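Notes follow once the structure below has been shown.
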Amino acid sequence: DTRGLALDAVGRYEFAPRWSLLGSAGLAHARFSTQEDKDDGTGLKLGVGLEYALTPSASVRLGYDRYHFNNVFDDKANVGQTHLGVRFNF
């Protein structure tokens with residue numbers, strides 16, 4: 001089981017009408033649990049993704065984030081996450 005919190009900055013580059021490339025970088029903190037032990041760590045978070053604007057105020061995003069944690073269970077834990085979401089501008 002893994003639970004965590006991340007804070008990152010996101011950059012966006014519009015390469016075609018309605019299409020944007022996303023990049024992100026930040027820090028993450030996570031707690032890892034196994035049947036034998038628990039540990040936590042802080043690490044770097046990097047991500048890439050695509051965004052498609054459905055309307056001027058709504059878009060769909062698909063992305064991949066990679067987390068690099070140091071010193072978790074005396075090792076370097078690397079965790080990947082794929083995500084799909086909807087973004088609304090207010």
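Everything quoted here is computed from the prediction, not taken from an experiment.
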Between Ser59 and Val86, is a side-chain contact (heavy atoms from CB on, under 4.5 Å) present by the stated rule, with each step listed? CA-CA 6 Å; Ser59 59; Val86 179; over 6 Å; no
Of all heavy-atom pairs between Asp8 and Ala25, which one has the smallest distance, and what is that distance? CB-O, 3.2 Å
Which heavy-atom pair separates Lys45 from Ala28 by the least distance, and what is that distance? CB-CB, 4.5 Å
To the nearest 0.5 Å, how far apart are CG in Leu22 and CZ in Arg12? 7.5 Å
Please report the interatomic distance CZ(Arg3) to CG(Asp40), rounded to the nearest 0.5 Å. 14.0 Å
Looking at every heavy atom in both Gly47 and Asp65, which two are closest together, and how far apart are they? CA-OD1, 3.4 Å
Side-chain heavy atoms of Pro56 within contact of Asn89, under 4.5 Å: no
Minimum heavy-atom separation for Lys38 and Ser33, please, with both atom names. CG-OG, 3.7 Å
Tell me who clusters with Tyr52, hydrophobic residues only, linked when side chains sit under 4.5 Å apart either directly or through other members. Tyr13, Phe15, Trp19, Leu21, Leu50, Leu54, Val60, Leu62, Leu84
Reported CZ-to-CZ distance for the pair Arg87 and Arg61, which is rounded to 0.5 angstrom: 4.5 Å
Could you walk me through whether Gln81 and Tyr67 satisfy the side-chain contact (heavy atoms from CB on, under 4.5 Å) test, starting with their C-alpha distance in whole Å, then the side-chain angles of each, then the deciding distance to 0.1 Å, before giving a yes or no? CA-CA 8 Å; Gln81 172 182 309; Tyr67 301 83; 3.9 Å; yes
Starting at CG of Leu27, measure out to CG of Leu44 and round the result to the nearest 0.5 Å. 7.0 Å
I need the minimum non-hydrogen distance between Glu14 and Arg18, along with the two atoms involved. OE2-N, 4.0 Å
